[in-house]
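Below: the structure, in structure tokens.
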Amino acid sequence: MTQTTTTRTRHEEASAEPWWRQAVVYQIYPRSFADATGDGIGDLQGVLERIDHLDALGVDAVWLSPFYPSALADGGYDVADYRDVDPRIGTLEEFDRMVAALHERGIRVVVDIVPNHSSDLHPWFQAALEAGRGSPERARYIFREGTGPDGAEPPTDWVAMFGGSAWERVADGQWYLHSFAVEQPDLAWDHPEVRADFLETLRFWSDRGVDGFRIDVAHMLTKDLTEPLPSQAELAAMPVDGMHPLLDRDDVHEVYAEWRALFDSYDPPRTAVAEAWVHPSRIHRYASPTSLGQSFNFDLLEAPFEAAAFRRIIADNLALAHESGSSSTWVLSNHDVVRHATRYGLAATEGASVRERGIAWIREGGPEAELDRARGERRARAATVFILGLPGSTYLYQGEELGLHEAATIPAEARQDPTFFRSGGAELGRDGCRVPLPWEADAPAFGFGGEPHLPQPAWFGEHAADAQAADGSSTLALYRQALALRAALLAPEGLEWVETGRDDVLRFARPNGWEVVTAFGDAAVPLGADELERVVLATGGIVDGAMPGESTVWLAPAG
Ligand code: NOJ
């Protein structure tokens, strides 16, 4: 095992703040990033071989979605061994080599921890099945007797996140709880062995030099399953105020306080970011320095490309971050949602958020006539460069730097998302944002490696990284330029709105005078002579002394 010391990240050079507070973190979905072994599944060696891409992009950190041994019932979020690498993805030695190589480039490494549930193939669950009812092995999971004659009905009518009952019956007649897929039994977080084992896992990866952790469904671990259990309707009617039986319970922070002590025992302290879908008023609990330290803010995933929506979300989340003592996070895409270039290229429908609109479009088979690809990309460039100017950290999702759209036309037989299977095909799920990346326009599988485990559409070639690297006007060139400039311009975490007198334009200034202006509508925004001199980045160029509609500019500090 190698333990590498991270060189200071780009903006740490210029400031004394902890690296994560204003980092650009690039999410790698390992199975779809780069396949060095040619089996059609991305791997750690692939990450190593594409390290120049990450370096040239200028990210401060990478976050790897799960790469652990898994039957892939939920894209790797069904973990069979928390302290190993899936043989299809690599080995622990390769992991160490990858971490060392990333650290050498000044890129930190964040790994995904999935504590709410294990895989049903995890040795603990296998032992629980074998040991039978009432056994200590079953106590690490949530087993209950059924209801109705012979206990043939589930203990409650609870519905799993991916559809269908949240309970599954095992051979001897007992039922176990799975909040997600059947293959993801929920762990019992009141069990000391569960708590101790996760501490060991966090120590294992921290000792290997990992810099931080992304905590999957951080708000669901602890549960109050005192009988009688409530019905689904009763659950839905209960306030989520810290005492809800299943969600966002106050006692989950007892777990994170232990984790925090472990993180802080390292130098530098390990970081964590919570994936917690909780009411905004409760986010600060996860983001607090005594808990995980930072929490995702997913509001922009739901928001239309509109000035008022962006302004409200930014103001709210900066206030929430301030309340917790953390920094805010900004996210436009990840492995769970329709890519933002596509969301922004679809006309709005009444009553649906842009996220729901994207899902509905996929369900319809992704009709080309409804998607304005160029507009989506234009808006995505403007939105990304806008959020990269904000105080806090930005999470980018692999492929967005290539301007990738959602791959909506995956045939049923190639689909992998449990949502698709649990809904009987009614929901198509998240495979369309997980299609392997196009690296080379003219290579087989667009340079990904072997025959991709999810099929790449023909138009993926138009987004290939090699072609974009050679084109100064490409989205990849824009991301590289933006990240390099951001590192140079980065200011303390303040923001001041500059009123523009227009409701389709947002403008803000950072404490060092760096300004960001975004035109959300179609109309151009004229810039004054002094402003034109200060333009250092323009997602739509400057036309006749004005920034075009649906574009963002960065203005360097005056003087
Ligand atoms: C959230 C992850 O982002 C998602 O991909 C996964 O399906 C669920 N948690 C369950 O682990």
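Hydrogens, waters and symmetry mates are skipped; everything else that's a heavy atom, side chains included, is used. We count ligands from 1, going down the list as the structure has it; atoms in each ligand are counted the same way.
In M161, neither the side chain nor the backbone holds a heavy atom less than 4.0 Å from any atom of ligand 1. For F162, every heavy-atom contact with ligand 1 shorter than 4.0 Å involves the side chain, none the backbone. Contacts of R214 with ligand 1, taken as heavy-atom pairs under 4.0 Å, involve the side chain alone.
Taking the centre and axis of the six-membered ring of W189, the NZ or CZ atom of R249 falls outside the cone set by 45° and 6.0 Å. Within the cation-pi definition used here (under 6.0 Å to the ring centroid, within 45° of the axis), R140 qualifies as a partner of W124. A cation-pi contact links R138 to F143, judged by a cut-off of 6.0 Å to the six-membered ring centre and 45° from its axis.
Not a single heavy atom of M220 sits under 4.0 Å from any atom of ligand 1. Within the 4.0 Å heavy-atom cutoff, Q27 does not count among the residues contacting ligand 1. Contact analysis puts R430 in contact with ligand 1, with a non-hydrogen atom separation below 4.0 angstrom.
Close contacts of ligand 1 with H117, meaning ligand atoms under 4.0 Å from a residue heavy atom, involve 10 (C), 11 (O). Which parts of ligand 1 touch H335 is read off a 4.0 Å heavy-atom cut-off, strictly below it: atoms 2 (C), 3 (O), 4 (C), 5 (O). Residue R434 approaches ligand 1 through these ligand atoms, each under 4.0 Å from one of its heavy atoms: 5 (O).
Each of D86, D431, D43, D39 was scored for a salt bridge (Lys or Arg N to Asp or Glu O under 4.0 Å) with R31, with one residue passing: D86.
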- side chain to side chain contact (heavy atoms under 4.5 Å, CB included) assessment of L229 paired with W158: CA-CA 10 Å; L229 297 175; W158 298 351; 4.1 Å; yes

- Item | S119 and Y68: CA distance, side-chain angles, deciding distance, side chain to side chain contact (heavy atoms under 4.5 Å, CB included) verdict | CA-CA 11 Å; S119 158; Y68 315 109; over 6 Å; no

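With ring centers used as reference points, Y395 lies 6.0 Å or more from Y26.
Atom CD of E451 sits in a sparse spot, with 12 or fewer heavy atoms from other residues, nucleotides or ligands closer than 6.0 Å.
In this structure, the protein non-hydrogen atom closest to atom 3 (O) of ligand 1 is D336 OD2, 2.4 Å. Counting protein heavy atoms only, atom 6 (C) of ligand 1 is closest to D74 OD2, 3.3 Å. Of the protein's non-hydrogen atoms, the one nearest atom 2 (C) of ligand 1 is D216 OD1, 3.1 Å.
Side chains of E130 and Q126: no donor on one and acceptor on the other come within 3.5 Å.
For ligand 1, the polar-atom distance check against Y77 finds no nitrogen or oxygen pair separated by under 3.5 Å.
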